Protein chains: 2
Amino acid sequence: MSDGIGYCEIRKIEKIDTEEYDTISRVLNAIGNRNRIAMLAVISKYMEVCACELQPALGMPQPTITTHLHKMYDVGILKRKEVGKFSYYSINPKFEGIVNDILRGRTETMEA
Amino acid sequence: MSDGIGYCEIRKIEKIDTEEYDTISRVLNAIGNRNRIAMLAVISKYMEVCACELQPALGMPQPTITTHLHKMYDVGILKRKEVGKFSYYSINPKFEGIVNDILRGRTETMEA
DNA sequence: TTCTCATATCACTAAATATTAATATGACAC
DNA sequence: GTGTCATATTAATATTTAGTGATATGAGAA
């Protein structure tokens with residue numbers, strides 16, 4: 001380190017504000033989990049599913065299901081409708097585009 | 001719990017194989033980080049950037065930059081070209097579609 | 001070779017996340 | 001009221017991930 005900077009600067013790239021990407025990163029982080037994508041696949045197929053239906057489909061205990069659903073609900077990916085003691089989850093229309101891209105089409109181009 | 005099952009089954013949803021979503025989930029997980037998306041934004045803008053250029057742009061120490069770049073390189077999002085002591089990273093064409101969707105357009109529909 | 005510097009790897013700490021048993025809430029049936 | 005069942009929450013542990021100083025590698029210059 002010669003005199004102060006501590007790194008090369010082939011080009012001077014302006015300092016970038018990472019906070020700008022906070023929302024999108026939290027959304028992608030909420031989707032980027034094998035079990036949660038599987039849940040999205042089921043919800044996308046059936047349009048609306050009861051949490052109790054996901055339990056046998058995913059083969060995991062109820063609190064695990066709830067936790068994952070809430071993670072996606074919290075960032076707005078899922079909508080929730082409560083009917084009696086049941087909770088029905090569906091994909092927020094705002095996110096249908098990206099969710100479908102992830103579940104279909106776009107996914108294939110990434111493989112191999 | 002009456003006699004064995006332990007959960008309701010409003011509809012019988014077939015058991016889903018979560019492993020099918022392993023690749024896509026690892027990709028999204030690698031993108032779903034505020035700092036890494038910021039890096040993708042810079043790389044996308046300049047087409048190809050040297051790791052040393054990202055240091056001042058992101059304002060973080062060199063090992064942190066390398067770690068993040070490697071995480072994305074490992075899942076195939078980034079390509080690397082080594083020239084002398086420099087390493088240039090670019091977005092793997094296979095992932096340009098989804099990366100652009102994330103950085104532009106699609107992102108906006110998610111806000112608010 | 002020796003020095004410099006960009007990069008990669010290592011080692012360690014801190015923070016976040018996943019998982020799940022146990023418990024609480026709350027709706028409905030009786 | 002009591003009992004049942006779906007869901008939510010709590011609590012605790014296990015695992016993963018982020019971040020970074022220190023060190024190693026390796027290319028190019030002198």
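Just so it is clear, the model here is predicted, and its values are computed rather than measured. Within every chain, numbering begins at 1; the chains are lettered A, B, ... in the order of the sequence lines, protein sequences first and strands thereafter.
Residue order along DNA chain C, read from the 5' end via each residue's closest nucleotide, puts B:A51 first among B:A51 and A:N33.
Contact between the side-chain N/O atoms of A:T64 and the OP1/OP2 oxygens of C:dT19 is not found at any separation under 4.0 Å. Within the structure, a side-chain polar atom (N or O) of B:T66 is placed less than 4.0 Å from OP1 or OP2 of C:dA8. Considering only side-chain N and O atoms, A:H68 lies under 4.0 angstrom from the phosphate OP1 or OP2 of C:dT19. Contact annotation: B:Y89 reaches the phosphate of C:dA8 (side-chain N/O to OP1 or OP2, under 4.0 Å). Between A:R80 and D:dA8 there is a side-chain N or O to OP1 or OP2 distance below 4.0 Å. An OP1 or OP2 oxygen of C:dT4 is reached within less than 4.0 angstrom by no side-chain nitrogen or oxygen of B:K85. Taking side-chain N and O atoms only, B:R36 has no distance below 4.0 Å to OP1 or OP2 of D:dG19. Within the structure, every side-chain polar atom (N or O) of B:T67 is placed at least 4.0 Å from both OP1 and OP2 of D:dT20.
Within 4.0 Å of B:P61, counting heavy atoms only, lie sugar-phosphate atoms of the nucleic acid but no base atom.
Side-chain N/O atoms of B:Q62 and base N/O atoms of C:dA6 include no donor-acceptor pair closer than 3.5 Å.
Only at 4.0 angstrom or more do the heavy atoms of residues 41-48 of chain A sit from any atom of DNA chain D, so none qualifies.
A straight line from CD of A:E82 to P of C:dA27 spans 9 Å, rounded to a whole angstrom. Atom C1' of nucleotide D:dT7 and atom NE2 of A:H70 are separated by 8 Å, given to the nearest angstrom.
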